[in-house]
Amino acid sequence: MSNTNIRVRFAPSPTGPLHIGGVRTALYNYLFAKKNGGKMILRIEDTDSNRFVPGAEAYIIEALTWLGIRFDEGIANGAATCRQSERKPIYRKYVDQLLQDGHAYIAFDTPEELEAKRQSTPNFQYDARTRGDMVNSLTLSKEEVQTRLDRGDNYVVRILIEPGRDITVDDLIRGQVTINSNILDDKVLYKSADNLPTYHLANIVDDHLMEISHVIRGEEWLPSAPLHVLLYRYLGWEDSMPRFAHLPLLLKPEGNGKLSKRDGDRLGFPVFPLDWTDPKTGEKSSGYREAGYFPEAVVNFLALLGWHATDDKEFFTMDELIREFSLDRVSKSGAKFDYEKGKWFNHQYLMNKSAEELYPHVQHILEEHGVDAPKQQVLTAIDLTKGRCTFVADFWEHMHFFFVAPQTYDEKTRQKRWKEDSPREMRELYTVLEGIDDFSIEHSEQTVMAWINAQGYHTGNIMNAFRLCIVGEGKGPHMFDITSLIGKEETLRRLKKAIETLS
RNA sequence: GGCGCAUUCGUCUAGGGGUCUAGGACGCCGCCCUCUCACGGCGGAAACCCGGGUUCGAAUCCCGGUUGCGCUACCA
């Protein structure tokens, strides 16, 4: 399917690291675009110079690249100006047009004056009821306005909302949403202090100029969508207005509210794709990548938080998501963030990877622990233990005994598994093992089992004590998988030492 | 407070008038496998927010309420 008219954008603000909810928005935009053969555009909405954070833009691009979300146009591939701060003249033109057409006006009220007004007037709103009491081009004489402009007074341009009109937004996910313009205030569109538009104006102008066909964004924008519709109308662009789709929000795992940065810190899981250090405060936040997640697992997990396929399928590659994604299968209600399920997804992806794929990661971990083992041995160890790992970092905990003899013996396991007869049985086992030439899994198991049966021993007693001797604790793969991998010599050495230490 | 959106197991969700004694997944519990821990298999507990309608029939449609969330900035 190909439709070159489909164009979506992801338009984050560079005010900090990209939140995981933002990542999901980017993902849904990407899936929708690719599904329909359309284009995905990156636009940086840096119209608030006060909140700009250095490094945030690079972070956003790196994070989405890591996850496999690619842009067709935008800064990520060196295209022209997609930073709003670099498009000042463009916005100015439309501000003038709005002013000209009487859809906007100039206001001189200072932030302090507005604040005072809000303090003194309950539920103060700058609108048709109150604008007549304020300092603006509607209440001031033409000359006075000019005088103020000439002497360089700071001003803002506000949209002129006509009261008493019903405004309807057609949302692809929620259907028709209608509000009355009475509840809208005369939003600031433009500020002379930095010659920048605010979000609302810049957003509409850019979406129009970039020929965006679908605006897919978080539900927090739904209340201002009518304002945006009005802006399209006032600018004469209503006919080519994009379709809207407001996505449900990602909520805190417990309690109430939108998922926030603090939740990650408090509950101990990342809410960001990548690690991030705040340039001002030095505060660190952890990311999924550094926590050991596979990007495919994060994408899969995130895709299912608010969207569901037509069947019960749960595992999707990016290509499969693209093939099956559709906006009408996006849920309407917010999704609580379930970190346990996220871990489960990673576990599944890890188990499905081959030892060869996992090898570089594991090799790195082994090196950190000063282990230098033959590749084949490591590959076998990976296959034997990957079912026990959620993250790559878990491998050491589950495979260290393949490479390093136990220094201590777990006390709980010892109490449970080291019986009165164990020293004698282990000494006998030592002799049995010593006599085995072929230390393969099959042969050693056969020999030892034959001995156990001949002596009338209890298999569990023998094997568990044996495990304590070789592993140092009560877990791990089957014993002969371990012994055959570490070899006869090492097995005997560990057994001997354990008998001496534990007896 | 005002406005808007939402409301199915603890969580993510399927469901779009009869097929629902409501399905799947995570988590939880039990059993099996078994030398342990896992993996795997099998099974279990667990939900239609409430009240009115409409209809022969409602989880599904309508209205009201509850509760949750969002917005209400010269932030996005």
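Throughout, protein chains are lettered first and strands after them, A, B, ... in sequence-line order, and every chain is numbered starting at 1. Just so you know, these numbers use all the heavy atoms, side chains as well, and skip hydrogens, waters and symmetry mates.
Taking atom C1' on both nucleotides, B:G68 is separated from B:A73 by 25 Å, rounded to a whole Å. Taking atom C1' in both B:G27 and B:G44, one finds a spacing of 14 Å when rounded to whole Å. Taking atom C1' in both B:G15 and B:A59, one finds a spacing of 8 Å when rounded to whole Å. On the C1' atoms, B:U72 is 30 Å away from B:C62, given to the nearest whole Å. Atom name C1', nucleotides B:U60 and B:U7: the rounded distance is 14 Å, in whole Å. Spacing of P atoms, B:G16 relative to B:G43, comes out at 25 Å, to the nearest Å.
The residue A:His478 sits close to a base: some heavy atom pair falls under 4.0 Å. Here A:Leu114 lies in heavy-atom contact (under 4.0 Å) with a base. Looking at heavy-atom distances under 4.0 Å, A:Pro12 makes no contact with the nucleic acid at all. Within the 4.0 angstrom heavy-atom criterion, no nucleotide atom of any strand lies near A:Asp311. Contacts of A:Arg217 with the nucleic acid, taken as non-hydrogen atoms under 4.0 Å apart, are absent. Here A:Thr310 lies out of heavy-atom contact (under 4.0 Å) with every strand. Using a 4.0 Å heavy-atom cutoff across all strands shown, A:Gly306 reaches sugar-phosphate atoms only and no base atom.
The stretch residues 408-431 of chain A touches RNA chain B through A:Arg417, each having a heavy atom under 4.0 angstrom from the strand.
You'll find that the side chain of A:Trp344 is closest to B:C26, out of B:C35, B:A14, B:C26. The side chain of A:Ala335 approaches B:C12 more closely than any other nucleotide in the set B:A76, B:C12, B:C35.
A:Arg388 and A:Asp394 are not joined by a salt bridge, as no carboxylate oxygen comes within less than 4.0 angstrom of a charged side-chain nitrogen. Using a 4.0 Å cut-off between charged side-chain N and carboxylate O, A:Glu112 and A:Lys117 make no salt bridge. Salt-bridge formation is not detected for the pair A:Lys280/A:Asp278: no Lys NZ or Arg NE/NH1/NH2 atom is positioned less than 4.0 Å from an Asp or Glu carboxylate oxygen. Ion pair A:Lys341/A:Asp338 not flagged as a salt bridge, since none of the NZ, NE, NH1 or NH2 atoms sits closer than 4.0 Å to an Asp/Glu carboxylate oxygen. A:Arg329 and A:Glu324 are not joined by a salt bridge, as no carboxylate oxygen comes within less than 4.0 angstrom of a charged side-chain nitrogen. Between A:Glu473 and A:Arg467 there is no salt bridge, since none of the side-chain N atoms of the basic residue sits less than 4.0 Å from a carboxylate O of the acidic one. Between A:Arg243 and A:Asp171 no salt bridge is recorded (no basic side-chain N to carboxylate O distance below 4.0 Å).
Rounded to whole Å, atom P of B:G1 lies 17 Å from atom CD of A:Gln125. Separating the CG atom of A:Leu468 from the C1' atom of B:U36 is a distance of 11 Å, rounded to the nearest angstrom. Taking atom CG of A:Leu201 as the reference point, atom C1' of B:C75 lies 15 Å away to the nearest angstrom. As rounded to whole Å, 15 Å separates atom P of B:U36 from atom CZ of A:Phe401.
Nucleotide B:G64 has B:C50 as its partner under the Watson-Crick or G-U criteria, with both atom distances under 3.5 Å. Nucleotide B:A14 has no partner under the Watson-Crick or G-U criteria, as no pair reaches both atom distances under 3.5 Å. B:U7: no Watson-Crick or G-U partner with both key distances under 3.5 Å is found in any strand. If you check B:C28 for Watson-Crick or wobble pairing at under 3.5 angstrom, you find it paired to B:G44. Across all strands shown, B:C71 is found opposite B:G2 as a Watson-Crick or G-U wobble partner, with both distances under 3.5 Å.
Remark: aromatic rings of A:Phe316 and A:Trp307 are close, center separation under 6.0 Å.
Classification of the A:His228-A:Trp221 ring pair by plane angle, with boundaries at 30° and 60°, yields tilted.
Every pair passing side-chain hydrogen bond (donor to acceptor under 3.5 Å, both in side chains) that includes a residue from residues 440-449 of chain A is listed here, sequence neighbours excluded: A:Asp438-A:Ser440.
Evaluation of atom-type donor-acceptor distances gives a pair under 3.5 Å for the side chain of A:Lys341 against the base of B:A25.
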**Fill in**
Once base and sugar-phosphate atoms are separated, protein heavy atoms under 4.0 Å mark nucleotides 3-10 of chain B, 5' to 3', with B, S and - as SSSSS---
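Cation-pi check for A:Arg158 over A:Tyr105 is not met; the charged atom does not lie both under 6.0 angstrom from the ring centroid and within 45 degrees of its normal.
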